[in-house]
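Atoms within each ligand, like the ligands themselves, are counted from 1 in listed order.
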Amino acid sequence: MSRTVRVGLDDRAYDVVVGQGLLENAGKLIAPFAKRGRVAIVSDETVWSLHGQALMTALRAADIAAQPIVVPPGEPTKSWEGLSHVCSRLLQLELDRGDLIVAFGGGVVGDLAGFAAAIYKRGIDFIQIPTTLLAQVDSSVGGKTAIDTPQGKNLIGAFHQPRLVLADLDVLSTLSDREMRAGYAEVIKYGLLGDFAFFEWLEANGAKVLARDPDALAYAVARSVEMKAEIVAEDEKEAGRRALLNLGHTFGHALEAETGYGEALLHGEAVAAGSALAFRFSAAQGLCPSQDAERAVAAIAASGLPTRLQEVGAGAFQAAPLVRHMGQDKKAEGGRLTFILARKLGEAFVAKDVDAGAIEAFLLSEGAA
Ligand SMILES: NC(=O)c1ccc[n+]([C@@H]2O[C@H](COP(=O)([O-])OP(=O)(O)OC[C@H]3O[C@@H](n4cnc5c(N)ncnc54)[C@H](O)[C@@H]3O)[C@@H](O)[C@H]2O)c1
Ligand SMILES: O=C(O)C(=O)C[C@@H](O)[C@H](O)[C@H](O)COP(=O)(O)O
Ligand SMILES: [Zn+2]
């Protein structure tokens, strides 16, 4: 059983297929896009060792010749060095514009392989086979591709839409509980930013999603993808409404930069803490009822995700460097900070020109030094 969500982008429209058993049928599903029957698969060592054979078998069955490019797992791979490595391997393999890149992994592999696809020979097609909950509900859809730099998250990148996304729920069976929770942070984000009914459903069914109950998981992934597809189709390049998908990210990306993009703080964990901070800041500014902020924070905490500065990273954060990172955020304009804030549960809005002093004071009140 699978559901297909269409991302309606005119000549760049594509399907996101969500369901079980997709990996074993990947050859058939990918064949229409592999014009010359040749693909390069970018994956990480962990995913490749667990699921690489299944993908190779499926591609072989459809007469598709595949060459793997396997990178180390983890956020540090989404870097200049990682990008250089992938591009060099693509050149060695002599991939041409009629060939295809398959991103097979979590958001790190998807963002890196997608960016390589955007710039290799000025752009070749790619397909996403996301293998983490986070990648299935978020990073594989919408065409944001990027690498990190010491100055900030995703500061070097491109919009490059995939031709197809295959979200096979079965591959999540090997994912760690911590990574499931990190992905869940982006799921709950959709409820918080724009769908109160989904938020309430998650309050009631979040534990089932995290326990990988097949029906709950299928609904949570499909509803998240549906929301993202609808927003991306309306505002592909983040001229307006798409920025709502950044709820929790202005705080979250600054926390990630301060902790050095590592195992200490996963992206989803940073988004969880960032979403809680965004709701509490909204309440503190009188923009959102404090009961709503408390309920948002309780739902995040109930899934075992961090909601306070003290719960993330390796120690005390300092307010001033965090605010400096926020100044580098892509939503900032002329030194003015932009945040996604909340009016209530299920209704976020883009707040431009947020006072940096107010953010710094708020961070101090939240326990930053
Ligand atoms: N482009 C976007 O729109 C977008 C959206 C959200 C997040 N992101 C980016 O995505 C990245 C985070 O992605 P992520 O959370 O998927 O992290 P990740 O890609 O690092 O994967 C997390 C870990 O899980 C392992 N893994 C992956 N699939 C597995 C499986 N099926 N079984 C067992 N282990 C598996 C990986 O090897 C890795 O160690 C961040 O860089 C973030 O900035 C991008
Ligand atoms: O797709 C989007 O748009 C998002 O904002 C999704 C986010 O979850 C994701 O982390 C994204 O990469 C952040 O975007 P950025 O433009 O702030 O780097
Ligand atoms: Zn994110």
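A cation-pi contact, defined as under 6.0 Å to the ring centre and within 45° of the axis, is absent between Arg223 and Tyr190.
No heavy atom of Lys331 sits closer than 4.0 Å to any atom of ligand 2.
For the pair Ile41 and Gln67, the minimum side-chain heavy-atom distance is 4.5 Å or more.
Of all the atoms in ligand 1, the ones that sit under 4.0 Å from a non-hydrogen atom of Lys78 are 9 (C), 40 (C), 41 (O), 42 (C), 43 (O). Close contacts of ligand 1 with Leu50, meaning ligand atoms under 4.0 Å from a residue heavy atom, involve 32 (N), 33 (C).
The shortest contact between atom 20 (O) of ligand 1 and any protein heavy atom is with Val108 CG2, 3.3 Å. The protein non-hydrogen atom at the shortest distance from atom 12 (C) of ligand 1 is Leu134 CD2, 3.9 Å. When only non-hydrogen protein atoms are considered, atom 35 (C) of ligand 1 lies nearest to Leu175 CD1, 3.5 Å. In this structure, atom 28 (N) of ligand 1 lies nearest to the protein heavy atom Thr131 OG1, 2.7 Å. With respect to atom 3 (O) of ligand 1, the closest heavy atom belonging to the protein is Lys228 NZ, 3.2 Å. For atom 33 (C) of ligand 1, the nearest protein heavy atom (residue, atom name, distance) is Thr174 O, 3.1 Å. Looking at atom 39 (O) of ligand 1, its nearest protein heavy atom turns out to be Pro73 CB, 3.8 Å.
An N or O contact shorter than 3.5 Å links Asp44 to ligand 1 by distance. Checked by distance only, ligand 2 and Asp111 stay at 3.5 Å or farther apart across all their nitrogen or oxygen atoms. The N/O atoms of Thr132, backbone and side chain alike, include one that comes under 3.5 Å of an N/O atom in ligand 1. Of the N or O atoms in Ala135, none lie within a sub-3.5 Å distance of an N or O in ligand 1.
With a heavy-atom cut-off of 4.0 Å, Asp111 touches ligand 1 through its side chain alone. Using a 4.0 Å cut-off between heavy atoms, Glu186 contacts ligand 1 through its side chain alone, with no backbone atom that close.
For atom 8 (N) of ligand 1, the nearest non-hydrogen atom from the set Gly107, Ser139, Ser173 belongs to Ser139. Residue Glu75 holds the heavy atom nearest to atom 41 (O) of ligand 1 of all those in Glu269, Glu179, Lys189, Glu75.
Under the 3.5 Å distance criterion, the side-chain polar atoms of Glu179 are left unmatched by any main-chain donor or acceptor of Leu133. Using a distance-only test at 3.5 Å, with no hydrogens or angles considered, a donor-acceptor pair links the side chain of Asp99 to the main chain of Asp96.
Note: Lys153 NZ to Asp148 CG = 4.0 Å, rounded to the nearest 0.5 Å. In this structure, Leu309 CG and Leu255 CG are separated by 6.0 Å, a value rounded to the nearest 0.5 Å. Remark: Phe251 CZ to Arg280 CZ distance equals 9.5 Å, nearest 0.5 Å. Note: Leu277 CG to Thr250 OG1 = 11.0 Å, rounded to the nearest 0.5 Å.
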### Task
Check the pair Arg3, Glu226 against salt bridge (charged side-chain N to carboxylate O under 4.0 Å, His left out), reporting the backbone distance first and the verdict last.
CA-CA 10 Å; Arg3 302 174 206 199; Glu226 220 170 63; over 6 Å; no
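Under 2.8 Å from the Zn ion (ligand 3) lies an N/O/S atom of Glu186, whether from backbone or side chain.
Phe281 and Phe339 have tilted rings, their planes meeting at an angle from 30° to 60° on a 0 to 90° scale. Between His249 and His253, the ring planes are perpendicular. Angles over 60° get that label, and only those under 30° would be called parallel.
Among Lys78, Lys144, Lys330, the one residue that satisfies the side chain to side chain donor-acceptor pair (under 3.5 Å) test with Asn154 is Lys78.
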